[in-house]
Participant: 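One structure, pasted below without further comment.
The analysis underlying the following values was restricted to heavy atoms, covering all of them including side chains, and did not include hydrogens, waters or symmetry mates. Whatever order the structure lists ligands and atoms in, that order sets their numbers, starting from 1.
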Amino acid sequence: MLILGIETSCDETAVALYDDDKGLIGHVLNTQISLHAPYGGVVPEIAARDHIRCLLPLIKRVMNEADAVKPDIIAYTAGPGLIGALMVGSALANSLALAWQCKVIPIHHMEGHLLAPMLEEKKPEYPFLALLVSGGHSLLVDVKGIGKYKLLGSTLDDAIGEAFDKVAMLLGLPYPGGPEIQKLSEQGNQEAFSFPRPMLKKPGYDFSFSGLKTAVMLAVKELEENGMIAHKKADIAASFQKAAIDALIGRTLKAARENNFDSIVISGGVGANIMLRKNLKESFEGKVFYPRFEFCTDNAAMIAVAGAYRASQAVSAGKIEARARWPLEDINYQ
Ligand code: KG4
Ligand code: ZN
């Protein structure tokens, strides 16, 4: 069974082909980063227009490279995300499925992230604890099987990726900020500033990053006033990164130990962070799984593989699904 995956929820136009026997056959991606960079964040109207420009040529390319005539199912991201961007993927997926007489399946973007490690040779077994960390989400999820997701914790304010992006902006670094902060941190001292590790002593498993962001903002302001900022940017980046990663790992270990998980999955854009991967692996006594770097950030391979696991729920084309907000626990594809 051949599944065509389409991802257009934010600023990446991505297409993939997945075969439930052979695995991933092809995947391509066009990033809009340079289009949004001058604005310091994603501009929804620009995102939707560029998906329109790129999506069909990318689908043609993946199909041609694989010598595929038509897929059996088209799996597309139906939410959560930017509504105009989602509608491009959804409308094209449904139109092509009508023409090809195949079925569609509207996929939850975060379920895609959650299942991305299934694209790797070493796959996690259920149950596992998933730490889903991206530009829009910071979630701890109890995963008992496909569709059996229980939210253990989420953020009370900013998502962790958003915090990386905002701190990068304060330091004059380009968007997206996560990889930039990681790079600059290599030249900095992570002990130079003692930023708060939010929520570590609080009960439950929720995150909060606004206090950390404010602490960084105040430190940057003071350094600017003293004319010292240029010499201290790397120290700020390294100290922020360490505080943010400590906060993520502290909550994740607490959730894993208190709920007896012996496997943890890290996924989502911030899951590409090397310190997060390394420090969690070193501090957790069980197994840690994560997708390869390119499948941590948004991509269509994860949507196609989610479509493969959800194949029995594929429906006839014609209903264009697009939801800006969509809680992970509310997935009901039929
Ligand atoms: O999953 P993703 O590609 O898109 C969303 O669904 O949001 O995540 C993008 C986020 C951005 O905030 C970006 O700064 C962050 O992931 N990110 C990172 C790293 N690579 C991407 N954050 C920290 N370290 C990284 N290496
Ligand atoms: Zn994402």
Side-chain angles (χ1 to χ4, degrees), residues 5-14 16 27 29-33 36-37 40-42 44 47 51 76-82 85-86 89 107-117 130-139 141 154-155 158-171 173-186 190 207 209 212-213 237-238 240-249 265-280 290-303 305-306 324-326 328:
I6 294 177
E7 158 62 37
T8 63
S9 67
C10 192
D11 58 347
E12 321 280 357
T13 317
H27 64 102
L29 181 146
N30 180 70
T31 181
Q32 303 177 354
I33 285 175
H36 300 291
V42 178
H51 288 312
Y76 67 94
T77 303
L82 302 171
L86 290 166
I107 297 289
H108 190 295
H109 180 80
M110 297 313 288
E111 181 174 58
H113 278 304
L114 198 150
L115 295 175
L131 171 67
L132 300 182
V133 275
S134 69
H137 295 87
S138 310
L139 307 176
V141 188
S154 64
T155 180
D158 292 351
I160 178 69
E162 215 178 334
F164 268 90
D165 294 338
K166 285 183 183 164
V167 168
M169 202 189 243
L170 283 172
L171 297 176
L173 300 170
Y175 175 87
E180 299 289 332
I181 296 267
Q182 177 173 291
K183 207 162 85 200
L184 187 59
S185 295
E186 287 166 17
Q190 63 186 30
F207 300 102
F209 296 105
L212 170 59
K213 190 186 66 189
F240 160 74
Q241 177 175 258
K242 181 68 170 52
I245 299 303
D246 280 355
L248 283 178
I249 291 181
V265 158
I266 318 174
S267 194
V270 183
N273 186 278
I274 292 166
M275 182 188 265
L276 173 60
R277 289 170 175 239
K278 183 170 164 281
N279 291 9
L280 187 61
Y290 34 75
R292 70 194 87 161
F293 287 110
E294 62 186 314
F295 295 156
C296 269
T297 45
D298 289 350
N299 66 88
M302 68 184 195
I303 303 302
V305 83
R325 289 175 186 278
W326 188 4
L328 186 60

Participant: Give me the nearest non-hydrogen protein atom to atom 26 (N) of ligand 1 as residue plus atom name, then the distance to 0.1 Å.
Facilitator: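 Closest protein heavy atom to atom 26 (N) of ligand 1: Gln182 OE1, 3.1 Å.
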Participant: Under 4.0 Å from any heavy atom of His113, which atoms of ligand 1 are there?
Facilitator: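 Counting from 1, the qualifying ligand atoms are 1 (O), 6 (O).
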Participant: Which atoms of ligand 1 sit under 4.0 Å from any heavy atom of Gly136?
Facilitator: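 Ligand 1 atoms under the 4.0 Å threshold to Gly136: 7 (O).
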Participant: Considering only N, O or S atoms, which atom of Asp298 is nearest to the Zn ion (ligand 2)?
Facilitator: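 This residue's closest N, O or S atom turns out to be OD1.
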Participant: If we ignore hydrogens and angles and just use 3.5 Å, is the side chain of Glu180 paired with the main-chain N or O of Pro174 as donor and acceptor?
Facilitator: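 Checked: no pair found.
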Participant: Which ligand 1 atoms are under 4.0 Å away from a heavy-atom of Ala272?
Facilitator: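 Counting from 1, the qualifying ligand atoms are 26 (N).
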Participant: Using a 4.0 Å cut-off to any heavy atom of Gly177, which atoms of ligand 1 qualify?
Facilitator: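 Ligand 1 atoms under the 4.0 Å threshold to Gly177: 14 (O).
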Participant: Under a 4.0 angstrom heavy-atom cut-off, which atoms of ligand 1 come close to Gly161?
Facilitator: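 Answer, ordered by atom number: 12 (O).
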Participant: What residue and atom, counting heavy atoms only, is the protein's closest point to atom 3 (O) of ligand 1, and at what distance?
Facilitator: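 Going by distance alone, atom 3 (O) of ligand 1 is nearest to Asp298 N, 3.0 Å.
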Participant: Would you say the ring centroid of His113 lies under 6.0 angstrom from that of Phe295?
Facilitator: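 No, they do not, as the ring centres are separated by 6.0 Å or more.
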Participant: Distance check, rounded to the nearest 0.5 Å: Asp246 atom CG versus Met275 atom CE?
Facilitator: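 Those atoms lie 7.5 Å apart.
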Participant: Using a distance threshold of 2.8 Å, state whether an N, O or S atom of His137 lies below it from the Zn ion (ligand 2).
Facilitator: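 So His137 does not bind the Zn ion (ligand 2) by this criterion.
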Participant: Do me a favour and list the nearest non-hydrogen protein atom to atom 24 (N) of ligand 1 with residue, atom name and distance?
Facilitator: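 For atom 24 (N) of ligand 1, the nearest protein heavy atom comes out as Asn273 ND2, 3.0 Å.
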Participant: Answer yes or no: is there a donor N or O on one side and an acceptor on the other, between the side chain of His108 and the main chain of Met110, under 3.5 Å?
Facilitator: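 Answer holds: yes.
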Participant: Is a donor on one side and an acceptor on the other found under 3.5 Å between the side chain of Gln182 and the backbone of Leu184?
Facilitator: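 It does not hold such a pair.
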Participant: What's the shortest distance from atom 15 (C) of ligand 1 to any protein heavy atom, and which residue and atom give it?
Facilitator: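 Protein heavy atom at minimum distance: Val270 CG2, 3.9 Å.
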Participant: For the pair Thr31 (side chain) and Ile33 (backbone), establish whether a donor and an acceptor sit closer than 3.5 Å, ignoring hydrogens and angles.
Facilitator: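 Indeed, once roles are kept as given, a pair shorter than 3.5 Å links the two residues.
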Participant: Give the single entry among Ala116, Gly269, Gly178 that approaches atom 21 (C) of ligand 1 most closely by any heavy atom.
Facilitator: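 Residue with the shortest heavy-atom distance to the ligand atom: Gly269.
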Participant: Which option, Ile181, Thr297, Asp165, owns the non-hydrogen atom nearest atom 13 (C) of ligand 1?
Facilitator: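 Considering heavy atoms of Ile181, Thr297, Asp165, the nearest to atom 13 (C) of ligand 1 sits in Asp165.
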Participant: So, His109 and the Zn ion (ligand 2): N/O/S under 2.8 Å, yes or no?
Facilitator: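 Yes, since at least one N, O or S atom of His109 sits under 2.8 Å from the Zn ion (ligand 2).
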Participant: Check each atom of ligand 1 against the heavy atoms of Gly135 and keep those under 4.0 Å away; list them by number with element.
Facilitator: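 It comes down to these atoms of ligand 1: 5 (C), 7 (O), 8 (O), 9 (C), 10 (C), 12 (O).
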Participant: Please work out whether any backbone atom (N, CA, C, O) or any side-chain heavy atom from C-beta onward of His109 is under 4.0 Å from ligand 1, and answer side chain, backbone, both or neither.
Facilitator: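 His109 to ligand 1: side-chain contact only, backbone stays beyond 4.0 Å.
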Participant: Please check: side-chain N/O of Ser138 versus main-chain N/O of Thr155, any donor-acceptor pairing under 3.5 Å?
Facilitator: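 Looks like no, no N/O pair under 3.5 Å.
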Participant: Using distance alone, with no hydrogens and no angle criterion, decide if His51 and Asn30 have a side-chain donor and acceptor under 3.5 Å apart.
Facilitator: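 Result is no, nothing qualifies.
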Participant: To the nearest 0.5 Å, what is the distance between OG1 (Thr8) and CG (Leu86)?
Facilitator: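 If I round to the nearest 0.5 Å, the distance is 5.5 Å.
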Participant: As a test of understanding, state which of Leu131, Thr297, Ile160 forms a side-chain contact (heavy atoms from CB on, under 4.5 Å) with Val270.
Facilitator: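 That would be Ile160.
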